[in-house]
Amino acid sequence: MSVLLLADHDKGELSPATARLVAAASQLGPVDLLVVAENPDNIAAAAAQIAGVRIVQVVKAAETAESITNSLESLAQRYQSVSASASSVGKDVIPRLAAKLDIQPVTDVVEILGPNRFTRPIYAGNALETLTDPQPKHLLTFRASAFRPAASGNAAPVENLDLSVNSAARFLAAHRTESDTPDLATAQIVIGGGVSVGSAEGFQLIEKLGKTLGAAVGATRAAVDAGYAPNDWQIGQTGKIIAPDLYIAIGISGALQHLAGIQGAKKIFAINTDAEAPLVKIADVALIGDLFEIVPQLIAELEKHGLKR
Amino acid sequence: MKILVAVKRVVDHNVRIRVRPDGTGVETTGVRMSMNPFCKHAVEAAVQLAEKGQASEVVIVSIGPKQSNDVILTALAMGAHRGILVETDAALETLTIAKLLAKVTEEEQPDLILLGKQAVDDDSNHVGQMLAALTNRPQATFASEILVKGSELEVTREVDYGRETVAVPLPAVVTADLRLNTPRNAALPMVMKARSKPLAVRPATEFGIDLAPRLVVEKISPPAERVAGKTVGSVADLAAAIAAEVNEMEAL
Ligand SMILES: Cc1cc2nc3c(=O)[nH]c(=O)nc-3n(C[C@H](O)[C@H](O)[C@H](O)COP(=O)(O)OP(=O)(O)OC[C@H]3O[C@@H](n4cnc5c(N)ncnc54)[C@H](O)[C@@H]3O)c2cc1C
Ligand SMILES: Cc1cc2nc3c(=O)[nH]c(=O)nc-3n(C[C@H](O)[C@H](O)[C@H](O)COP(=O)(O)OP(=O)(O)OC[C@H]3O[C@@H](n4cnc5c(N)ncnc54)[C@H](O)[C@@H]3O)c2cc1C
């Protein structure tokens, strides 16, 4: 009943989501990790520390969909489940692998109800689908934010695999957003800004509030499309799915597609001029007013509370 | 270059859907349907390549009931050349859809296949990647820019860390993200003209693919409702509420 899990990583570092994925996969059986990266050594060393990992297998290769899929495929035979994060990498490779293995995948799993029973959201999270997968092999992606992270302190063996994987697609360039805010998908507090923040400078104010609370910063599609915030900040159906303890939505109306990304938030606070905005309606705490007046005062108030995180 | 674009008819993205009380699914009778937004971006990209002289023919394919004709007509009105409806009333799984599209690909031999990155009803985000595997083509998913460079495409993709650019040799599969372009609204004369463009209807059963689902859907349920909260009167109150939350949080 063992599970092969693709490790999630970025910039040569294991991403914090991986410990959550291990916790999810462990519910199905012993977990073996696979790291596919150009420079895998640091990633593999960090992965070996996650509790519950049996072995870390490493393929040194380019990080394209084809090379990752081919690496997973060469190991897939030995496992009953092959899984990854519902991240941009997992979404890219698991369906490709599934078609090669002639298996219908189950993706965006938010709850594991049994060895082959899962729950996944559909219609932008406005409905939940409970399904059974009777196939001999399961191909899965997990929403990391829906699971609590596994502990650390393990020292699993690391094995380098000598696989030659090829890829017709070639990686040309990465365009990154330089930012020192925490990872949006796994942050405990997230501040979101809408199009009414008005400019990239306006978003610096949102970021400043984020810093005060040690929070990650996100945005609506409207704010990203307007060029006020980078695309990897987008929260929602087509952006990141977040599940923080606290989400503070600033000048966000609460369109269905945005709400899709925040349903996992434990508490939602809203700042909006419109008391009738859908987001205000679902918020646990709302303050009605102009964000440009409120946010600077809020930063000052919070500094008074001395919240150092 | 010949382009095949796969489009799906879905519940319109502005409709607030309702889960049927008996748990069998989402109420779709009497609900406004339209082309999946991501598919619209895929059609727009194909039509723009044709207008630039980089594509010679744009063929639209949709799999679904007779009414899926509507979304094919929308795509033809946007400027595509002909359509294929693979007709079925059955709810098909993504792997089955990809297998049917692979058959159409075999017949049509397109250089480029464009799809939406996901459909807004089932939110699967599978079909393009599966079709790429089944047709043994490279893939560039979640595209926000597509440039033709000789016999290759340079595609910029929206990924979790920002954006990345990849080169994919043709023939290839590309899936469209929302920032790829701004889809046009077809003018009335184009809508009229679309009706005279060729549209072939083929029963899904004629492709020799097993259409039976693999997964067993037990139930569709509504998400937990959020309980209504309170409005605070001042910034100080808001700050206090935030501080209370933060103090309660478990340190990770
Ligand atoms: C297929 C599809 C997918 C989509 N995916 C996503 C997605 O992933 N994520 C996403 O976010 N959106 C997504 N959208 C877009 C979504 O439908 C909305 O358009 C978007 O979320 C609106 O963003 P907004 O709240 O910033 O803007 P608006 O809806 O314009 O809301 C602005 C809000 O700011 C308030 N306001 C104005 N001025 C002030 C002020 N001075 N102080 C305080 N409040 C103020 C207003 O009262 C209003 O509530 C998608 C749309 C489609 C069709
Ligand atoms: C038991 C069962 C119950 C189901 N219940 C429902 C239900 O309640 N409501 C419902 O709408 N569906 C239902 N389905 C259908 C099924 O879940 C999806 O329609 C199918 O899996 C496609 O998923 P997707 O659209 O999310 O694919 P995605 O992978 O998200 O789609 C990506 C892209 O692939 C292309 N594509 C996808 N489908 C088609 C198509 N039909 N024709 C042409 N191109 C396409 C488009 O370019 C699209 O943008 C059910 C299926 C089964 C087996």
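Naming convention: chains lettered A, B, ... in sequence-line order (proteins, then strands); numbering from 1 in each chain.
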Taking the side chain as every heavy atom from C-beta outward, state whether V217(B) and T130(A) have any atom pair closer than 4.5 Å. no
Hey, does Q234(A) have a side-chain heavy atom less than 4.5 Å from the side chain of R179(B)? yes
Non-hydrogen atoms of Q139(B) and A65(A) that approach each other most closely: NE2-CB, 3.5 Å
Does any backbone or side-chain atom of I271(A) lie under 4.5 Å from a heavy atom of chain B? Answer side chain, backbone, both or neither. side chain
Checking heavy atoms, do the side chain of I294(A), its backbone, both or neither come under 4.5 Å from chain B? both
Please examine the side chains of H13(B) and Q257(A), heavy atoms only from C-beta on, and report whether any two atoms are closer than 4.5 Å. yes
So does E129(A) get a backbone contact from the side chain of K219(B), meaning a donor-acceptor N/O pair under 3.5 Å? no
So, T94(B) versus Q104(A): side-chain donor-acceptor pair below 3.5 Å or not? yes
Correct closest heavy-atom pair for Y161(B) and D232(A) would be O-OD2, 3.5 Å
Salt bridge R214(B)-D102(A), side-chain N to carboxylate O under 4.0 Å: yes
Distance-minimising heavy-atom pair for P223(B) and G125(A): CG-O, 3.3 Å
Can you tell me which portion of R221(A) sits under 4.5 Å from chain B's heavy atoms? Options are side chain, backbone, both or neither. both
Any non-hydrogen side-chain atom of T107(A) less than 4.5 Å from a side-chain atom of N125(B)? no
When you compare the side chains of Q129(B) and D92(A), does any donor N or O come within less than 3.5 Å of an acceptor on the partner? no
Between CD of E245(B) and CD1 of I248(A), what distance do you get to the nearest 0.5 Å? 9.5 Å
Could you check whether any side-chain heavy atom of L287(A) comes within less than 4.5 Å of a side-chain heavy atom of V235(B), counting everything from C-beta outward? yes
CZ/R226(B) to CG/L259(A) distance, rounded to the nearest 0.5 angstrom? 9.5 Å
With a 4.5 angstrom heavy-atom cut-off, could you sort out which part of F171(A) is near chain B: side chain, backbone, both or neither? both
Does any heavy atom of chain B fall under 4.5 Å from the side chain of A283(A), the backbone, both, or neither of them? backbone
Using a 4.5 Å cut-off on heavy atoms from C-beta on, say whether the side chain of E158(B) contacts that of S88(A). no
Among D225(A), V224(A), T132(A), who wins on heavy-atom pairs under 4.5 Å with chain B? T132(A)
In terms of heavy-atom proximity below 4.5 Å to chain B, should D108(A) be classed as side chain, backbone, both, or neither? side chain
Whatever's closer than 4.5 Å to a heavy atom in chain B on Q135(A) counts as side chain
What heavy-atom pair brings D123(B) and I122(A) nearest, and what distance separates the two atoms? OD2-C, 4.2 Å
Got a second to check how far D160(B)'s CG is from K91(A)'s NZ, nearest 0.5 Å? 7.5 Å
State, to 0.1 Å, how close P105(A) and H126(B) come at their nearest heavy-atom pair, and which atoms those are. CG-CE1, 3.8 Å
Against chain B, label V280(A) side chain, backbone, both or neither, depending on which of its atoms sit under 4.5 Å from a heavy atom there. neither
Polar side-chain atom of N231(A) near backbone of G162(B) as donor-acceptor pair, under 3.5 Å: yes
For I220(B) against A127(A), the heavy-atom pair lying closest together: CG2-CB, 3.8 Å
May I ask you to decide if M249(B)'s main-chain N or O and D245(A)'s side chain share a donor-acceptor pair within less than 3.5 Å? no
Chain B contact via K240(A) - which portion, at a heavy-atom distance below 4.5 Å: side chain
Spatial distance of atom CG (L172(A)) from atom OG1 (T156(B)) [nearest 0.5 Å]: 9.0 Å
Report yes if the side chains of K117(B) and T238(A) come closer than 4.5 Å at any heavy-atom pair, otherwise no. yes
Is any side-chain heavy atom of V26(B) less than 4.5 Å from a side-chain heavy atom of Y123(A)? yes
Under 4.5 Å from any heavy atom of chain B - which part of E66(A): side chain
